[in-house]
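What follows is a single structure, written as structure tokens, with notes after it.
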Protein chains: 2
Amino acid sequence: MREVAALAGVSLKTVSRVVNDESGVSPEVRGRVTAAVRRLDYRPNLAASNLRRTGARTGLVGALVQDVSNAFSAGLLRSLEDAARSRHTAVLAASLDEAADREQEIVHDLVTRRVDGLVLMPATERQDYLQAELRAGTPVVFVDRAPSGVAGDAVTVDNALGARKAVEHLFDRGHTRVAGLFHLARVPTARDRFAGYGSAHAERGVGVDPRLVVLGLSSAEEAERAVHGLLDLDDPPTAVFAGRNILTEGAVRALRDRGLQHTVALVGFDDFPLADLLDPGISVVRQDVGRIGAVVAERLFARIDGDPEPPVHLVVDTEVVPRGSGEIRPAG
Amino acid sequence: MREVAALAGVSLKTVSRVVNDESGVSPEVRGRVTAAVRRLDYRPNLAASNLRRTGARTGLVGALVQDVSNAFSAGLLRSLEDAARSRHTAVLAASLDEAADREQEIVHDLVTRRVDGLVLMPATERQDYLQAELRAGTPVVFVDRAPSGVAGDAVTVDNALGARKAVEHLFDRGHTRVAGLFHLARVPTARDRFAGYGSAHAERGVGVDPRLVVLGLSSAEEAERAVHGLLDLDDPPTAVFAGRNILTEGAVRALRDRGLQHTVALVGFDDFPLADLLDPGISVVRQDVGRIGAVVAERLFARIDGDPEPPVHLVVDTEVVPRGSGEIRPAG
DNA sequence: CTACGTCCTGACAACGTTGTCACGTGAGGT
DNA sequence: ACCTCACGTGACAACGTTGTCAGGACGTAG
């Protein structure tokens, strides 16, 4: 900037005025300055500018998701990005891989970078460690899982309701032996979906057969093995509810292996790409990622703009998408 | 920081020393300062710190990809993120959606933010506009498409070779009428893949039937319609090469519609999730995203560290992944 | 007792920018 | 001829931090 000022024969302040399109600069001087700017390839230093401006925004938000390369996280990121762009804000994306220590580390780093806000898909069980940041005024919006140990806006689906809908969908088609595959019990979404699975049973007066429930599955392979185990039972399930998309994948493989994909019904939680291209198409409970992202963005930017209301927990609808696998009726 | 200094009864500089773990502070003072830091929830301001430090890094790199929510871009982002984390660097992710103006806008924004480097999957045909940034010393690594109009490191696959391998794979199984579906002709990767399709024909002494070639497809729907058109020919193709993953998807739908998925062979360029779960599994030419990302990161950080060598173009291998659809033999 | 080195600590300037205010000029009104 | 006022411009300080250097306290050797 100093060089630009020298070349244009004006003061620093005038260059600043021109660069920021402020009024009160004669056309002639403005011309000289822009020419100098162009000639010297001058780029303003946003960091310095933010430093000086009072209460300035960095125009940076952090998005801490489970894994930027999985479809749900990536979709969320994308819709957040779109909202951010219109606010001239860039998105710092980070993957947590369910690692609690990494979550804290990255949050700390992002706060040091003075992000204007954070979107967090927590990997931790409790987020007490955020107390200080929140007090310091960095808005945080939780997504996918509600916060625990701190207050903050949250955007989730009603996992229990979604799971209940899925299981009812199967009951409605005549199934009574519906297996349930779930993630680690310490993960709140898994607990909620399991609860929904249970309440669907309760509502219909069907007892839950504990042998049909498998908890603690964290990979497609584990789900695949689990389904093989279920099918080996004397009284095997006629339908399967998979509580997470990678578990659905494992279930598809196991059913396919045994040639039962058109015999045993399957509904998964979470949509995945090309689910409709499989044979049969895989019925799922869909979370509308685009909508979730949009709601998250709306909350985040409202907070950044100073919305003082108490934290809210917004619930986005889920919907059963029938594609074939969930509409298979029990044999006989 | 001033408050911390006051509370601890020391000077600013001493606080700085403690915060940055510099030597030469007595344990007692260090204790007082850390206590004050904790009490006041003090967070150092990274921007100010970078401003002062000479030639400091911002620890920020930009990744401009086609769309953070598509599998290829997201995978790349992820592997870049992993490399960046070990360098204590955060990744700013942005989607370009093949929009040239957005590309320039975002590059400009990121340069203003003083990113240490950029990874660019270009949406523009020429990147002359980057000349100034490159001269200013911001390293840029191109990925997926080589740069044009500027010099810079590039990491791509050999698209022509990959396409040739795919078509040869089909020739080897007895096909002679292999249709080719391609993206917009202005996109270099599409041109290269089309060239590879042609050279496979030339090498085997098979003439390219222009009626079997469809250029300019940019969505799954267009590809689906195109394949229907091809199948309506008097002398329809016995195999299809789809030059891009969304075109593969369209081809699968069209073949499925006609019940020809086990009759007409199909090889796609670019792998996609669950390709092996389809029936038949879809054979593809795979680009190793993880490897591409790792190579990109290696180049980028080498440049950031001052590697002065002339730009290089690194080529990552592709590999035909047989899954069933590409191994179907022609009827008769 | 002096000289000198080591160890801690702080004052000050600087990083690149912008908010504040004051200055000089010329136009318009009396 | 004088005053006022708008306008364009620049000097200066400040944002939060760190590099440089100087200074004080203390210990040790001559």
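Each chain gets a letter, A, B and so on, in the order the sequences are listed, and its residues count up from 1.
If you measure from atom CD of E3(B) to atom C1' of dG16(D), you get 12 Å, rounded to the nearest angstrom. Atom CZ in R30(B) sits about 13 Å away from atom C1' in dC7(C), given to the nearest Å. Atom CG in L12(B) sits roughly 11 Å away from atom P in dG16(D) (whole-Å rounding). Taking atom CD on E22(B) and atom C1' on dG19(D), their separation rounds to 9 Å, with Å as the unit. Atom CG of L51(A) is separated from atom C1' of dT18(D) by 13 Å (rounded to the nearest Å). Distance, L46(B) CG to dC15(D) P: 19 Å, rounded to whole Å. Spacing between atom CZ of R113(B) and atom P of dG16(C) amounts to 19 Å, rounded to whole angstrom units. Per the geometry, CE belonging to M1(B) stands 11 Å off P belonging to dG16(D), to the nearest Å.
No donor-acceptor contact under 3.5 angstrom links the side chains of Q66(A) and D97(A), judged on distance only. Looking at D116(A) and T58(A), their side chains do bring a donor and an acceptor atom within 3.5 Å of each other.
Looking only at distances, a side-chain donor or acceptor of E103(B) sits under 3.5 Å from a matching main-chain atom of A123(B). For T14(A) (side chain) and V10(A) (main-chain N/O), no donor-acceptor pair under 3.5 Å exists by modelled atom type. Judged purely by atom type and a 3.5 angstrom limit, D67(B) has no side-chain atom pairing as donor or acceptor with the backbone of S95(B). Of the possible donor and acceptor atoms, none in the side chain of T138(B) sits under 3.5 Å from a partner among the backbone N and O of L134(B).
The phosphate of dC8(C) has neither OP1 nor OP2 within less than 4.0 Å of any side-chain N or O from S26(B). Dashed line: the shortest gap from a side-chain N or O of S11(B) to OP1 or OP2 of dA11(C) is not under 4.0 Å. In this model, the phosphate group of dT18(D) is approached by a side-chain N or O of N20(B) to a distance below 4.0 Å at OP1 or OP2. An OP1 or OP2 oxygen of dT18(D) is reached within less than 4.0 angstrom by a side-chain nitrogen or oxygen of R53(B). An OP1 or OP2 oxygen of dT18(C) is reached within less than 4.0 angstrom by a side-chain nitrogen or oxygen of S49(A). Here T14(A) does not reach the OP1 or OP2 of dT9(D): none of its side-chain N or O atoms lies under 4.0 Å away.
Using a 4.0 Å heavy-atom cutoff across all strands shown, R43(A) reaches sugar-phosphate atoms only and no base atom. Looking at heavy-atom distances under 4.0 Å, R114(B) makes no contact with the nucleic acid at all. Residue V25(B) is classed as a sugar-phosphate contact, given heavy-atom separations below 4.0 Å to backbone atoms only.
With hydrogens and angles left out, the side chain of R17(B) and the base of dG10(C) share a donor-acceptor pair within 3.5 Å.
Considering only side-chain atoms of S16(A), the nucleotide from dG16(D), dG16(C), dT18(C) that sits closest is dT18(C). Checking dT9(D), dG16(D), dG10(D) against the side-chain heavy atoms of V10(A) singles out dG10(D) as nearest.
For the pair K13(B) and Y42(A), nearest-nucleotide mapping onto DNA chain C gives the more 5' position to K13(B).
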